[in-house]
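Numbering of residues begins at 1 and proceeds along the displayed sequence. What you see is a predicted model; the values in this text were computed from it and never measured.
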Amino acid sequence: MIVIPRASRATLLAILLNKDAPEELDLHIYKNDITPDDDTAIGDFTEADFLGYAVEELDSAAYAITTPSAGSNEPASADYGDVEFASSADQASNDNYGYFVTRRTTGDLLWCERFTDGPYTIASLQHRFYVNPRFSVGEIE
């Protein structure tokens, strides 16, 4: 489940209301065994460091935005598609528990998610996993 920590909600509102400039986003993988919650902060994550890992610079133009049909209770959604993270060599085993998304320039945390079927282990050249940094918005109070 996607978590938008308390501090991140204000950032998202500021962007939505044009009080703060939007930025491109970066997708990071974290390797510490935490479950994000309302109080999660960027410093709570230990970023992955397996051989072959690099932060994925997301391109906002690549997001597919879906608008719910009239009368639907479905949320609007933004789907980026799968991003591959792969080992570049055999190495000591690395467990990866989830991902987090930040603003590229400021580094502000926007949202995070623990893998529901993880952790994803990277240990050999053949190991890889995929992340889809999707986002949806339902009713706003």
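The structure places CG of D20 at 7.5 Å from OG1 of T106, a figure rounded to the nearest 0.5 Å. With rounding to the nearest 0.5 Å, the separation of OG in S124 from CG in L51 is 12.0 Å. Atoms CG and CG, from N96 and N32 in turn, are 10.0 Å apart once rounded to the nearest 0.5 Å. A distance of 8.5 Å separates CG of L109 from OG1 of T11, quoted to the nearest 0.5 Å. To the nearest 0.5 Å, the span separating CZ on R128 from OG on S88 amounts to 10.5 Å. Interatomic distance, I4 CD1 to L13 CG, rounded to the nearest 0.5 Å: 9.5 Å.
With hydrogens and angles ignored, the 3.5 Å screen pairs no side-chain donor or acceptor of T102 with any backbone N or O of R104. No side-chain donor-acceptor contact under 3.5 Å links D38 to the backbone of P5. Using modelled atom types, one side-chain atom of E23 and one backbone atom of T105 make a donor-acceptor pair closer than 3.5 Å. Y53 places a side-chain N or O within donor-acceptor distance of the main-chain N or O of I29, the cut-off being under 3.5 Å. For the pair D59 (side chain) and A61 (backbone), a donor-acceptor distance under 3.5 Å is present.
Ring-centre distance between Y30 and Y97: not below the 6.0 Å cut-off. Side-chain rings of F85 and Y130 stay apart, their centers remaining 6.0 Å or farther from each other. Ring pair W111/F100: centre-to-centre distance not below 6.0 Å.
Scanning for side chain to side chain contact (heavy atoms under 4.5 Å, CB included) contacts around T35 gives R114, with sequence neighbours left out.
Partner of R6 under the side-chain hydrogen bond (donor to acceptor under 3.5 Å, both in side chains) criterion, chosen from T40, D39, D37: D39.
Residues P133 and L58 are in side-chain contact: their nearest non-hydrogen atoms beyond the backbone lie under 4.5 Å apart. Counting heavy atoms from C-beta on, the side chains of Q91 and F50 come closer than 4.5 Å. Residues L12 and L16 form no side-chain contact, since every pair of their non-hydrogen atoms from C-beta on lies 4.5 Å or further apart. The closest side-chain heavy-atom distance from V131 to Y80 is not below 4.5 Å. Looking at heavy atoms from C-beta onward, D79 lies out of side-chain contact with T66 at the 4.5 angstrom threshold. In this structure, the side chains of E47 and D49 stay at 4.5 Å or more apart for every pair of heavy atoms. Side-chain contact check for E113 versus R134: some heavy-atom pair is nearer than 4.5 Å. N94 places none of its side-chain heavy atoms less than 4.5 Å from the side chain of Y120.
Across all their heavy atoms, D90 and L125 have their closest contact at OD1-N, 2.9 Å. Of all heavy-atom pairs spanning H127 and T121, the tightest one is ND1-O, 3.6 Å.
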Give the C-alpha distance, both sets of side-chain angles, the deciding distance and a yes or no for side-chain contact (heavy atoms from CB on, under 4.5 Å) between F45 and C112. CA-CA 10 Å; F45 297 110; C112 45; 3.7 Å; yes
Check against side-chain contact (heavy atoms from CB on, under 4.5 Å), S60 and E24: CA-CA 6 Å; S60 59; E24 290 292 343; 3.0 Å; yes
side-chain contact (heavy atoms from CB on, under 4.5 Å) between F135 and L110, intermediate numbers included: CA-CA 11 Å; F135 194 86; L110 294 180; over 6 Å; no
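Under the 4.5 Å side-chain heavy-atom criterion for ILVMFWY residues, a single connected hydrophobic cluster contains both V83 and V101. Put simply, I15 and I65 are part of two different groups of oily side chains (I, L, V, M, F, W, Y) that touch within less than 4.5 Å, one to the next. Using a 4.5 Å cut-off between side-chain heavy atoms of Ile, Leu, Val, Met, Phe, Trp and Tyr, with links allowed through other members, I2 and I42 fall into different hydrophobic clusters. Note on I122 and L27: same hydrophobic cluster, where clusters join Ile, Leu, Val, Met, Phe, Trp and Tyr whose side-chain heavy atoms are under 4.5 Å apart, directly or indirectly.
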